[in-house]
Amino acid sequence: MNKPVLGVIIGPTAVGKTTISIEVAKRMDAEIISADSIQIYRGMDIGSAKPTIYERKDIPHHLIDIVDIDASFSVAEYQGLAQACIADTYSRGIFPIVSGGTGLYVNSLIFPLDFATIPADEALRSSLNELENTTPGALHDMLRMLDEKAAVRLHRNDRKRLVRAIEICKLTGSTMDSIGGDFANKAKKEIPYEPVIFGLTMQREALYERINTRVDAMMSAGLLCEVRRILENGYDPQLTALQGLGYKQLILYLHGKYTIEEAVNAIKMETRRFAKRQLTWFKRDQRIQWIDMGLISQREAVDIITDAFTIAGR
RNA sequence: GCCUCGGUAGCUCAGUUGGUAGAGCAAGGGACUGAAAAUCCCUGUGUCGGUGGUUCAAGCCCACUCUGAGGCA
């Protein structure tokens with residue numbers, strides 16, 4: 001029995017996913033499901049490079065503007081919403097295209113990942129962080145007692161993951177292994193669709209050039225006003241959402257920690273590094289068919305992807 | 001024209017009494033299961049401005065030379 005096809009378009013920031021995805025969707029009367037951890041936030045438009053209302057008017061886009069900036073959100077929630085969204089498009093006879101650059105969000109759909117059902121426990125988290133501050137290495141030692149295998153896998157400095165692992169162990173009394181699957185998919189679980197994945201890429205130098213240009217464009221489009229407005233609305237600069245590229249650095253500028261030039265340069269630099277990390281993330285998924293956007297035109301890329309999606313979908 | 005101080009990694013610089021170099025940042029590589037634009041790990045990068053000389057041995061000493069900054073005239 002054939003599983004329905006899921007179109008997936010991934011790639012580093014600024015490579016041109018938005019345009020390509022929309023063009024492919026137009027040709028196929030498809031709908032787009034965003035896999036972007038910043039575009040989910042209402043009010044973060046310019047800095048997150050959200051497709052504009054105009055770009056979205058012909059093609060329904062899902063999972064953009066779904067929460068407020070101070071909402072707590074997680075991959076697990078994303079996975080649930082996206083799976084429901086995908087199921088809904090199938091039921092309406094529509095082809096779904098997942099498009100985005102947040103590796104973990106994408107993987108939550110194209111790997112059979114089961115996230116532990118334990119929500120965040122802020123009190124536990126802050127006390128664990130406190131403990132690590134006073135006794136460095138304490139978290140790793142603690143996890144070793146609770147879940148030897150998880151402790152081996154995590155570096156002793158990787159605070160966030162150590163905290164999360166301890167959180168799960170403490171609240172369930174069991175280990176990570178017994179709760180979830182893993183990337184290697186040893187459990188041989190299956191996802192309910194057949195992903196056809198295209199990765200957009202480009203020579204590093206060209207990509208970096210595009211990033212620099214795009215950051216300048218964001219500044220002329222009024223990113224600073226957007227950031228100012230967010231702060232005026234009373235949002236705490238410490239919020240996870242506001243650690244996003246462009247927001248974090250402009251907040252530092254507004255707080256007088258940076259000159260405007262320094263802030264803009266920092267945005268460019270950190271965006272380049274982010275793109276590198278995205279590439280590292282996606283590199284290991286052998287199913288991805290890579291398209292070098294430096295070698296072919298946008299139109300050709302759209303042709304290739306549309307054809308592949310269409311043929312697979314038959 | 002003279003004097004002084006510089007020229008060492010992509011950048012800013014360190015380099016002991018001569019034993020062919022090292023920090024930070026940048027960069028590259030990697031990890032990633034409910035914060036992921038987050039978090040974390042690893043790694044070099046060299047005609048020491050050039051040419052001669054002294055020396056077993058020169059980034060370091062000497063001469064010449066190119067070049068930058070400042071000062072004096």
Side-chain angles (χ1 to χ4, degrees), chain A residues 12-14 34-41 44 47-50 67 69-82 100-122 124-126 128-129 132 139-140 147 149-150 152-168 171-172 175-187 189 204-205 208 211 214-215 218 238-250 262 265-285:
Chain A
T13 188
S34 164
D36 188 298
S37 65
I38 301 293
Q39 293 183 2
I40 59 169
Y41 295 108
M44 295 174 69
S48 71
K50 237 174 239 178
V67 292
I69 292 172
D70 56 357
S72 73
F73 194 79
S74 70
V75 211
E77 274 170 87
Y78 173 81
Q79 186 186 40
L81 292 170
T102 302
L104 185 59
Y105 284 17
V106 172
N107 279 13
S108 78
L109 302 176
I110 62 176
F111 282 94
L113 300 186
D114 278 330
F115 295 99
T117 51
I118 318 301
D121 179 338
E122 294 305 336
L124 177 63
R125 287 184 180 190
S126 61
L128 289 174
N129 273 306
E132 182 69 13
L139 294 183
H140 199 250
D147 184 347
K149 277 170 98 174
V152 169
R153 226 171 32 223
L154 297 179
H155 191 274
R156 61 203 325 279
N157 294 344
D158 199 349
R159 249 175 138 105
K160 286 199 179 187
R161 288 197 182 79
L162 290 170
V163 167
R164 176 61 186 162
I166 292 170
E167 190 171 61
I168 290 170
L171 298 178
T172 61
T175 61
M176 295 283 273
D177 258 8
S178 62
I179 295 166
D182 57 49
F183 272 170
N185 194 17
K186 280 180 283 202
K189 284 181 291 190
R204 200 60 74 82
E205 270 181 33
Y208 285 1
I211 288 172
R214 191 171 74 165
V215 171
M218 284 176 176
Q238 300 299 323
L239 288 167
T240 306
L242 297 181
Q243 305 313 305
L245 294 164
Y247 298 93
K248 180 179 164 186
Q249 296 79 6
L250 288 182
E262 285 170 337
N265 284 334
I267 296 171
K268 290 175 180 173
M269 192 186 82
E270 284 170 40
T271 305
R272 283 183 240 128
R273 291 219 269 231
F274 171 53
K276 187 162 80 84
R277 269 181 275 134
Q278 289 176 298
L279 256 4
T280 299
W281 178 284
F282 290 120
K283 230 182 258 177
R284 69 175 162 189
D285 191 338

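Everything numeric in this text was worked out from a predicted model, so none of it was measured. Naming convention: chains lettered A, B, ... in sequence-line order (proteins, then strands); numbering from 1 in each chain.
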Identify which nucleotide among [options] has an atom closest to any side-chain atom of [X], counting heavy atoms from C-beta outward.
{"X": "A:R277", "options": "B:C41, B:A31, B:A36", "value": "B:A31"}
{"X": "A:L104", "options": "B:A27, B:A36, B:A35", "value": "B:A36"}
{"X": "A:K276", "options": "B:G29, B:C40, B:A35", "value": "B:G29"}
{"X": "A:M269", "options": "B:A35, B:C41, B:A27", "value": "B:A27"}

Expressed in angstrom and rounded to an integer, what is the separation of [X] atom [atom1] from [N] atom [atom2]?
{"X": "A:N129", "N": "B:U39", "atom1": "CG", "atom2": "C1'", "answer": "12 Å"}
{"X": "A:D36", "N": "B:A36", "atom1": "CG", "atom2": "C1'", "answer": "11 Å"}
{"X": "A:Y247", "N": "B:A35", "atom1": "OH", "atom2": "P", "answer": "21 Å"}
{"X": "A:N157", "N": "B:C42", "atom1": "CG", "atom2": "C1'", "answer": "13 Å"}
{"X": "A:E77", "N": "B:A35", "atom1": "CD", "atom2": "P", "answer": "10 Å"}
{"X": "A:Y41", "N": "B:A35", "atom1": "OH", "atom2": "P", "answer": "10 Å"}
{"X": "A:E122", "N": "B:A35", "atom1": "CD", "atom2": "P", "answer": "9 Å"}
{"X": "A:E167", "N": "B:A35", "atom1": "CD", "atom2": "C1'", "answer": "10 Å"}

Please determine, for [N], whether a Watson-Crick or G-U wobble partner exists with both distances under 3.5 Å, and give it or none.
{"N": "B:U16", "value": "none"}
{"N": "B:C64", "value": "B:G50"}
{"N": "B:A58", "value": "none"}
{"N": "B:C72", "value": "B:G1"}
{"N": "B:C40", "value": "B:G30"}
{"N": "B:C11", "value": "B:G24"}

>> Need to verify one output field. Residue with the more 5' nearest nucleotide on RNA chain B, A:D158 or A:Y208?
In response: A:Y208
> Does A:K283 or A:R273 map to a spot on RNA chain B nearer the 5' end, using the closest nucleotide for each?
Replying inline: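 Looking at RNA chain B, the more 5' nearest nucleotide goes with A:R273.
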Determine the Euclidean distance between corresponding [atom1] atoms of [M] and [N]; express it in Å to zero decimal places.
{"N": "B:C25", "M": "B:G52", "atom1": "C1'", "value": "37 Å"}
{"N": "B:G6", "M": "B:U43", "atom1": "P", "value": "34 Å"}
{"N": "B:C64", "M": "B:U54", "atom1": "C1'", "value": "15 Å"}
{"N": "B:U65", "M": "B:A57", "atom1": "C1'", "value": "25 Å"}
{"N": "B:U55", "M": "B:U67", "atom1": "C1'", "value": "29 Å"}
{"N": "B:G19", "M": "B:A58", "atom1": "C1'", "value": "10 Å"}
{"N": "B:G70", "M": "B:A27", "atom1": "C1'", "value": "34 Å"}
{"N": "B:C60", "M": "B:U8", "atom1": "C1'", "value": "12 Å"}

Would you mind classifying the nucleic acid contact of [X] as base, sugar-phosphate or nothing, using non-hydrogen atoms under 4.0 angstrom?
{"X": "A:R125", "answer": "base"}
{"X": "A:R272", "answer": "sugar-phosphate"}
{"X": "A:T271", "answer": "nothing"}
{"X": "A:Y105", "answer": "sugar-phosphate"}
{"X": "A:F282", "answer": "nothing"}
{"X": "A:G246", "answer": "nothing"}
{"X": "A:R204", "answer": "sugar-phosphate"}

>> With a 4.5 Å cut-off on side-chain heavy atoms, are A:K276 and A:R272 touching?
In response: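 Contact flag for A:R272/A:K276 side chains = no.
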> Taking the side chain as C-beta and beyond, is there a heavy-atom pair between A:R277 and A:W281 under 4.5 Å?
Replying inline: no
> Got a donor-acceptor pair under 3.5 Å from the side chain of A:R161 to the base of B:U39?
Replying inline: yes
> How many angstroms lie between atom OH of A:Y105 and atom CG of A:L81, to the nearest 0.5 angstrom?
Replying inline: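 A:Y105 atom OH to A:L81 atom CG measures 10.0 Å (nearest 0.5 Å).
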> Are side-chain N/O atoms of A:R214 and A:T271 paired as donor and acceptor at under 3.5 Å?
Replying inline: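 Side chains of A:R214 and A:T271: no pair found under 3.5 Å.
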> For A:T280 and B:G30, is the shortest distance between a side-chain N/O and OP1 or OP2 below 4.0 Å?
Replying inline: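 The answer is yes; a side-chain N or O of A:T280 sits under 4.0 Å from OP1 or OP2.
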>> On the nucleotide B:C40, are OP1 or OP2 found under 4.0 Å from the side-chain N or O atoms that A:R164 carries?
In response: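 For B:C40, OP1/OP2 do not have a side-chain N/O of A:R164 under 4.0 Å.
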>> Assess whether a salt bridge exists between A:E167 and A:R164, defined as any Lys/Arg side-chain N lying under 4.0 Å from an Asp/Glu carboxylate O.
In response: yes
>> Please evaluate residues A:Y41 and A:S48 with respect to the criterion side chain to side chain contact (heavy atoms under 4.5 Å, CB included), reporting the C-alpha separation (whole Å), side-chain torsions for both, the decisive distance (0.1 Å), and the verdict.
In response: CA-CA 9 Å; A:Y41 295 108; A:S48 71; over 6 Å; no
> Any idea which heavy atoms bring A:K50 and A:Q39 closest together, and the distance?
Replying inline: CE-O, 3.3 Å
>> Minimum heavy-atom separation for A:M218 and A:A49, please, with both atom names.
In response: CE-CB, 3.8 Å
